[in-house]
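For reference, the structure is listed below as structure tokens.
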Amino acid sequence: MQPLKPIHILTLLLALFVTACSDIDEADRLIYVKPDPVGRKVLIEDFTGQRCVNCPTATLEIEKLQEFYGADTVIAVGIHSGPFAKTLRGVPYSLHTAVGDEYYNHWKVESQPMGVIDRTGTCDYNLWGSVVREEVVKSAPLSMEAECTYDEATREVFVNCYGRGVDGHVAGKLQIWLIEDGIIDFQFMPDGSRDNEYVHNHVLRCAVNGTWGTDITVDEGETWSDKFSYTLNEAWKPENMSVVAFVYDDRGVCQVTKSPLKPYKAEPAEN
């Protein structure tokens, strides 16, 4: 009997492989691998105002939480709204927004400073630390990132949000906000004095995709993406601005992310 040639051995192995594969049940051929858990970031909606003497103290509490957990984990947005964001005659200050008043009224804010953490309800700033501690240890049902560029000539902002479903089914809203840091404007202080050089950070400027966001549905293992654009107000400084994007449903915020605006750079033309 002559020995098998290499080509004959290869043919035999392929035949055995095909036969073995055909014996595997169709349902068992693809094994689903659950996505790795994703840590939750925490959103603090800080209802504040320039006439609120205790609001700077709440800002210090946010800074302590961000120092402890990281500014990328505890994401704060200062919502200048309500009576303390206006003069005694009801005229809005420059940091006030109409959309901020909508949130203020929706959450039935009765005093300031007041916060809403991961949209689980209002709470006094003295309790923010304990609520953040409870939220940050949870896992998120989806991952999300945001890429944000702006055109210096037109002042148009382009936001690309994307991510992946991690756990179960999410059916909620995707909210996109623009915030600004480093705004120098007056603020009444805890001792009753007026600081005309106070630096306001993470100030809500606008809701890019409407007051309550746009619909989003994500299943576990599914990737998702959405794009938006917005033209910046001439008074805003894009180099100090960021996009805060989050997904929320009836249970609260599912995940939140923050990304700075970056100047748009056109691709160089090919020769």
Side-chain angles (χ1 to χ4, degrees), residues 32-47 71-79 97-107 115-122 131-132 134-150 156-179 202 204-232 241-262 264:
Y32 174 72
V33 178
K34 187 177 179 65
D36 292 333
V38 173
R40 185 187 295 270
K41 299 179 181 180
V42 179
L43 173 66
I44 300 180
E45 296 173 67
D46 173 24
F47 289 93
D72 291 334
T73 298
V74 176
I75 297 172
V77 177
I79 303 176
T97 60
V99 71
D101 273 350
E102 291 190 60
Y103 299 135
Y104 180 94
N105 294 327
H106 172 80
W107 292 108
V116 174
I117 299 179
D118 275 349
R119 298 213 154 170
T120 56
T122 58
V131 178
V132 168
E134 293 174 359
E135 289 295 303
V136 77
V137 297
K138 298 177 182 178
S139 59
L142 78 165
S143 66
M144 68 181 304
E145 300 290 340
E147 295 177 349
C148 319
T149 59
Y150 71 94
E156 189 172 10
V157 173
F158 304 94
V159 183
N160 178 27
C161 291
Y162 58 91
R164 187 185 188 199
V166 173
D167 187 16
H169 174 77
V170 175
K173 298 283 188 179
L174 169 64
Q175 181 74 72
I176 310 294
W177 285 342
L178 287 176
I179 65 172
H202 49 256
L204 175 66
R205 284 305 200 180
C206 69
V208 171
N209 59 338
T211 303
W212 302 108
T214 47
D215 293 336
I216 181 173
T217 301
V218 185
D219 288 315
E220 184 178 304
E222 178 183 68
T223 58
W224 65 274
S225 65
D226 216 338
K227 294 183 178 181
F228 304 90
S229 63
Y230 190 89
T231 302
L232 298 179
M241 299 188 72
S242 300
V243 166
V244 171
F246 61 98
V247 172
Y248 70 99
D249 58 20
D250 293 338
R251 296 166 295 180
V253 173
C254 302
Q255 186 61 300
V256 58
T257 189
K258 177 182 175 181
S259 181
L261 266 61
K262 298 179 180 179
Y264 170 77

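Note that the structure is a prediction, hence the values are computed from the model and not measured.
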Next on the checklist: Test your reading of the model: is there a side-chain donor-acceptor pair from Asp215 to the backbone of Lys173, 3.5 Å cut-off?
Outcome noted: no

Next on the checklist: I'd like to know whether Ile216 forms a side-chain contact (heavy atoms from CB on, under 4.5 Å) with Asp226, so could you lay out the CA-CA distance, the side-chain angles of the two residues, the decisive distance to 0.1 Å, and finally the verdict.
Outcome noted: CA-CA 9 Å; Ile216 181 173; Asp226 216 338; over 6 Å; no

Next on the checklist: How long is the straight-line distance from NE2 of His106 back to CH2 of Trp212, given to the nearest 0.5 Å?
Outcome noted: 4.0 Å

Checklist entry - Could you go step by step and tell me if Tyr162 and Thr223 meet the side-chain contact (heavy atoms from CB on, under 4.5 Å) rule? => result CA-CA 7 Å; Tyr162 58 91; Thr223 58; over 6 Å; no

Item to check | Shortest non-hydrogen contact between Ala207 and Gly210, atoms and distance | outcome: CB-O, 3.4 Å

Next on the checklist: Ring of Tyr103, cation from Arg119 - is the NZ or CZ under 6.0 Å from the centre and inside 45° of the axis?
Outcome noted: yes

Checklist entry - Roughly how far, to the nearest 0.5 Å, is the CG atom of Asp46 from the CD1 atom of Ile117? => result 10.0 Å

Next on the checklist: Quick one, Asn160 and Glu145 - any side-chain contact, counting heavy atoms below 4.5 Å?
Outcome noted: no

Next on the checklist: Nearest 0.5 angstrom please: Thr231 OG1 to Tyr150 OH, how far?
Outcome noted: 14.0 Å

Next on the checklist: Using side-chain contact (heavy atoms from CB on, under 4.5 Å), reason through Leu232 and Met241 one step at a time and then give a plain yes or no.
Outcome noted: CA-CA 10 Å; Leu232 298 179; Met241 299 188 72; 4.1 Å; yes

Checklist entry - Any side-chain heavy atom of Arg205 sitting closer than 4.5 Å to one from Thr97? => result no

Checklist entry - Where do Phe228 and Tyr230 land on the ring pair (Phe, Tyr, Trp, His ring centres under 6.0 Å) test, with the steps shown first? => result CA-CA 7 Å; Phe228 304 90; Tyr230 190 89; over 10 Å; no

Next on the checklist: Filter on side-chain hydrogen bond (donor to acceptor under 3.5 Å, both in side chains), then keep only pairs touching residues 249-262, sequence neighbours left out; what's left?
Outcome noted: Asp249-Arg251

Checklist outcome for this item: Nearest heavy-atom approach of Asn209 to Leu174 is ND2-O, 2.7 Å

Next on the checklist: Is the shortest side-chain heavy-atom distance between His202 and Val77 below 4.5 Å?
Outcome noted: no

Checklist entry - If you round to the nearest 0.5 Å, how far is CH2 of Trp177 from SG of Cys206? => result 11.0 Å

Checklist entry - Say you draw a straight line from CD1 of Ile176 to OG of Ser229; how long is it, rounded to the nearest 0.5 Å? => result 11.5 Å

Next on the checklist: Nearest 0.5 angstrom please: Glu45 CD to Asp118 CG, how far?
Outcome noted: 9.0 Å

Checklist entry - If you count the non-hydrogen atoms of other residues, nucleotides and ligands that lie under 6.0 Å from CG in Asn105, is the total more than 12? => result yes

Item to check | Closest approach of Ala140 to Cys254 (non-hydrogen atoms, all atoms of both residues) | outcome: CB-O, 3.4 Å

Item to check | Flag side-chain contact, heavy atom, 4.5 Å: Trp224 against Leu142 | outcome: yes

Checklist entry - Side chain of Arg40, backbone of Ser139: donor and acceptor closer than 3.5 Å? => result yes

Next on the checklist: Minimum heavy-atom separation for Val170 and Pro141, please, with both atom names.
Outcome noted: CG2-CB, 3.8 Å

Next on the checklist: Apply side-chain contact (heavy atoms from CB on, under 4.5 Å) to residues Val243 and Leu178 and explain how you reach the verdict.
Outcome noted: CA-CA 5 Å; Val243 166; Leu178 287 176; 3.4 Å; yes

Checklist entry - For Ile79 and Gly100, which heavy atoms make the closest approach, and how far apart are they? => result CG2-CA, 3.5 Å

Next on the checklist: If I compare all heavy atoms of Leu204 with all of Ile179, which pair ends up nearest, and what's the gap?
Outcome noted: CA-CG2, 4.1 Å

Checklist entry - Is the closest side-chain donor-acceptor distance between Tyr264 and Glu156 under 3.5 Å? => result no

